[in-house]
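This report refers to the structure that appears directly beneath it.
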Amino acid sequence: MNPTEIFEAIEAIARAPFDAGEFPFAFAEATDNAKATISKLRNGTTNKSDLPGGVLVARKFHYAPALRGMTDVTLDALRGSKRTATAKPAILIATDGETVAAEHRASGDTLHCRFDEIGDHFGFFLPAAGKERYRAVEENPIDVKATGKLARLYDALVKANPDWATDARRHEMNQLMMRLIFCLFAEDVGIFPYNQFSRLVFSHAGNKGEEAREAILAAFRAMNLPKDRRAGLPAWTAELEYVNGGLFASGIDAPVFDPVAFRYLKDAAALNWREINPDIFGSMIQSVADPKQRAELGMHYTSVPNIMKVIGPLFLDDLDAEIEKAWDRPNGLRRALSRMAGMRVFDPACGSGNFLVVSYRELRARETRILQRIAELEGSTQVQMWSAIPITNFYGIELDDFAAETAKLALFISEYQANARFGEVFGQMPATLPLKEAARITCGNALRLNWDIVCPPPGEGEQVFIAGNPPFLGDNSRTDEQNADMEHVLAGTLDSYKRIDFVSCWMFKAANYTRGRSARSALVATNSICQGQSVGALWPHILVDGIEIGFAHTSFKWRNNASANAAVICVIVGLRNESRERKRLFSGDLGAVVSTINAYLLDGPNLFIHAEARSIFGLPYMEYGNKPTDDGNLILSEVEKDDLLSEYPEASRFVKKFMGSDEVVNGKVRYCLWVPDQDADEAAAIPALRARFDRVAAFRAASKAAQTRPAAAFPHRFRQAQNWARSHAILVPSVSSERRPYLPVERVGADVIPSNLNQVLYDAPDWCLALIASRLHLVWIATVCGKLKSDFRYSNTMGWNTFPVPHFTQDQLEQLSASARRIMKTRWSHYPATIAELYDPERMPDDLRQAHKENDDLLESMYIGRPFRNDTERLEKLFKLYAARMKQEAAA
DNA sequence: GATCCGACAGCTG
DNA sequence: CAGCTGTCGGATC
């Protein structure tokens, strides 16, 4: 159940007559417990409560009925209950049917309200449904309630009017929803006389909405016409205001309301729309037209703090500094005002308009403050009495029609709210109606549209700021159409673009728009575009012809107030034309002024590390492990191996130890079937193996990967059986935790088959291990390789093959080998501790730490004659060596 | 033939 | 649920 559904279920309880015995089961149902759980609760088998009439569901809630007027006493009893202590319910709830007293145990927050109001506080009860507390909901439940009502209305309308669900009519349907929302908002905030729209429509719509369509159509048509031009419309529409502003200008139609849809419309009208928050409301409401998004409910909307991370350094911080500097000088303040009037904000992936709404609100707030200050300084009332920041300075592109319509509406609502605040301060507010022009939202594909046409380039005295959070999609999750969009944008400029993220297209177009103009841009992106292969593929084509990174936020975890957050790590990159202004690099909440920001978002030289097939410093060949592509059928757990061998001892010659990252890092044990081609028939004669091979063949044959399908012909073998050791192998897990102070690396015997989750040095000397286990190497890998979210990802081509080393003498190599063996020996002395345990930053044994320290000191003295002071110094040296090597190669 | 990536995925506490 | 940490195999070079 999503929050909307939980709200509706709790509200239904609030409306129904109270029954002390029935309430806890209804509450359990409303908070997402399975039917079976509830019936077990009813017959008492799982009820753990120790209070009379109480019901306790472990980790969810503990309820007890209260005597009239005694809810607080009962809540106290719940707090003191032994069973509360053992079963750890999230929520305690006591009620007498009149009032409710409840507590959220983790925070100690309490709730006291009338029983029939519990629907309004449903956010408080979400923890009883196993959901985290949902701050946005508790602060502003109206947004979720409105979303729920509108979603029901939308569904009911589509059901009653199947033709309105077609692509051809979707835009009209979306417009209808926006018009209705506008009217409901307008009549609640005083744009229309209170309740005017619903009063008129509902009194002419018939009892069950038989005439609702005609009434709504008449009302909409009237609002598009000045009052003196409404001949031909029903007389009752004369009362309605002239709205216009484009909202009612085009294609007025309405679907038929059946009794169900009509009831939902009435429910929606009953909400207090004054309270809605356009920041969040816009995002939530997007889910109305898209049932898939309802479960996610705002998963991808950008939170206000994250928007501020973008627009702060992009333009607000500079503006604030300017205002601050001119604070005592009316002329300076007027200059700031006139600059603000020329500032345009353009979000080329605007969704429901979050960035535009927040930008608009922030600019209007500053304008109001400046006007107040000017009035104060000049002691007169002769200040400009109206805002010079037009809503038409806000531009957006959005693919989804419903979201685009929402963005327009959200901006309209923000404009109204900003004007109302202006009115509070200056005692006068302009006439709201008829609406003036609206924000410039274009519904279309940002990767196909010419941005210069959507948002004309800045003229004299103007600045354009591109800001937004475009979609992230890796190469495995794009549609054919999206791939075609990428080709359209990037082919011809980028040599290889297919493996970089979709969001790169926006970054690229933003750079092109910005270049050579009075413009700047800043976009949220997945951190992968500033790591690994993407860096060399993308950034050399952005940071050219005068474009530089003016500010950036390094990786941060995506978070907003939605109940489910997207699992992704983001960066923000601000682009501008080369400038002497400061550059700012933010890590978390800390910002630093730096001299250059490179494509890795580091304060360092503007350098792109490219993948290499072999080490450019002459290190041994490291290669990718063996990839099964077997749906698990060539892999055996310890138990499976034992079962197999006890039944078919002759299979033992086909079974080998199999190690991936997990096996190296966490000491897990797995086996694989490793059958030489000439023994394929013999192996297939063993029924258990034959069954496994058949499953492999079926799985591969059904694959959509071109390389996998032919491998169905040799199911006894890995799809890619690359190599194996003659005497020993050094394994480097390809993914491992970012918390460790050193990269995991392990030396194994020839009996082990390394999986593709390791990079492998076969039969290589021990000094290689000393390099990989060094701090220098970790710093290099962390910088130039990709990441999995924020964890280290080891690549042979980009990490090992580019790793700069000085020329080692034979003697030095022997010293390093000895050092590597000391590290291994120290690890063995802690047997059976795993690498994960040994390298836990909190619990790393002192002797192992010491062995690594000695290894680092030894290796580093071979670079510069002494240990490095810190990682910055390490990286500087490595970059220098890399650059020198590249120069040498270019010369050769 | 070889390998980088995942608006993640699976496990644990 | 929320934090932690690396599977698996497609797609691309």
Side-chain angles (χ1 to χ4, degrees), chain A residues 32 59-60 88 90 106 126-127 129-133 296 299-302 469-478 483 495-503 524-529 531-537 557-560 562-570 610-611 613 621-632 634-635 660-666 668 670 699-700 703-711 718-723 733-740 744 755-760 785-799 801 836 840:
Chain A
D32 208 10
R59 289 191 306 281
K60 300 256 176 103
K88 299 189 171 50
L126 286 179
K131 306 218 179 278
E132 75 176 295
R133 291 189 81 196
E296 303 175 351
M299 184 167 167
H300 291 157
Y301 88 85
T302 318
N469 178 355
F472 313 163
L473 289 167
D475 65 358
N476 258 330
S477 36
R478 292 192 291 259
N483 283 324
D495 318 317
S496 77
Y497 58 86
K498 292 188 173 173
R499 291 165 58 145
I500 62 181
D501 197 280
F502 197 41
V503 73
V524 183
T526 163
N527 63 349
S528 77
I529 72 164
Q531 291 165 359
Q533 58 172 10
S534 305
V535 174
K557 211 170 162 188
W558 178 260
R559 281 217 153 273
N560 65 27
S563 54
N565 273 293
V568 66
I569 313 272
C570 303
H610 292 279
Y621 181 52
M622 178 183 281
E623 62 192 298
Y624 195 69
N626 300 289
K627 173 141 96 172
T629 316
D630 64 336
D631 201 23
L634 296 177
I635 315 288
S661 297
D662 210 10
E663 285 72 30
V664 171
V665 171
N666 294 311
K668 299 200 174 157
R670 285 201 296 175
F699 173 73
R700 289 181 184 167
S703 168
K704 57 184 180 136
Q707 196 185 354
T708 300
R709 286 189 300 270
F718 280 26
R719 186 187 96 172
Q720 286 170 240
Q722 318 264 82
N723 207 348
S734 62
V735 175
S736 67
S737 168
E738 60 166 339
R739 292 174 60 247
R740 297 186 187 117
S755 94
N756 63 320
L757 283 127
N758 281 311
Q759 299 286 353
V760 195
C785 288
K787 297 267 171 87
L788 176 53
K789 304 304 158 191
S790 59
D791 286 338
F792 300 126
R793 168 110 71 178
Y794 197 98
S795 145
N796 52 352
T797 61
M798 281 177 310
N801 292 345
D840 182 325

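Reminder, nothing fancy here: chain letters follow the sequence lines and each chain counts from 1.
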task: Kindly express the pairing pattern of DNA chain B in dot-bracket notation, using | wherever a base pairs with another strand and counting only Watson-Crick or G-U pairs under 3.5 Å.
output: ||||||.||||||
Please give, in whole Å, the distance from [N] [atom2] to [X] [atom1]?
X	N	atom1	atom2	answer
A:Ile569	B:dC5	CD1	C1'	14 Å
A:Phe502	B:dC5	CZ	C1'	17 Å
A:Asp501	B:dC8	CG	C1'	13 Å
A:Met798	B:dA2	CE	P	17 Å
A:Gln759	B:dC4	CD	C1'	10 Å
A:Lys668	B:dG10	NZ	P	14 Å

Report the residues that fulfil salt bridge (charged side-chain N to carboxylate O under 4.0 Å, His left out) with [X], sequence neighbours left out, ordered by chain and then residue number.
X	answer
A:Asp791	none
A:Lys668	A:Asp662
A:Arg709	none

message: Which residues pass the ring pair (Phe, Tyr, Trp, His ring centres under 6.0 Å) test with A:Tyr794, not counting sequence neighbours?
response: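 Applying ring pair (Phe, Tyr, Trp, His ring centres under 6.0 Å) to A:Tyr794 gives A:His777.
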For [N] versus [M], give the span between their [atom1] atoms, rounded off to a whole number of Å.
N	M	atom1	result
B:dC5	B:dA9	C1'	14 Å
B:dA7	B:dT3	P	23 Å
B:dG10	B:dG6	C1'	14 Å
B:dT12	C:dC8	P	15 Å

statement: Contact string for nucleotides 6-13 of chain C, one letter per nucleotide 5' to 3', B = base within protein heavy-atom range under 4.0 Å, S = sugar-phosphate only, - = neither, reads BBBBBBBS
Has the side chain of [X] got a donor or acceptor atom that lies under 3.5 Å from a matching backbone atom of [Y]?
X	Y	result
A:Ser661	A:Leu757	yes
A:Arg670	A:Glu663	no
A:Asp501	A:Leu473	yes
A:Arg793	A:Gly786	no
A:Arg478	A:Lys498	yes

- prompt: Taking OP1 and OP2 of B:dG6, is either one under 4.0 Å from a side-chain nitrogen or oxygen of A:Ser528?
  reply: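 Answer yes for this pair, as a side-chain N or O of A:Ser528 is under 4.0 Å from OP1 or OP2.
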message: Would you say A:Thr526 places a side-chain N or O within less than 4.0 Å of OP1 or OP2 belonging to B:dA7?
response: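 False: A:Thr526 side-chain N/O out of range (4.0 Å or more) of B:dA7 OP1/OP2.
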- request: Using a heavy-atom cut-off of under 4.0 Å over every strand shown, decide if A:Lys787 touches base, sugar-phosphate, or nothing.
  value: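 Counting heavy atoms under 4.0 Å across all strands, the contact made by A:Lys787 is with sugar-phosphate only.
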message: Taking any heavy-atom pair under 4.0 Å as a contact, classify A:Pro470: base, sugar-phosphate, or nothing.
response: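 Touches a base.
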- prompt: Has the side chain of A:Asn723 got a donor or acceptor that lies under 3.5 Å from a partner of the other kind on the base of B:dA2?
  reply: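 No pair found.
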query: Looking only at heavy atoms, what is the nearest atom pair of A:Leu634 and A:Phe718, with distance?
result: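 In this case the closest contact between A:Leu634 and A:Phe718 is CD1-CD1, 3.8 Å.
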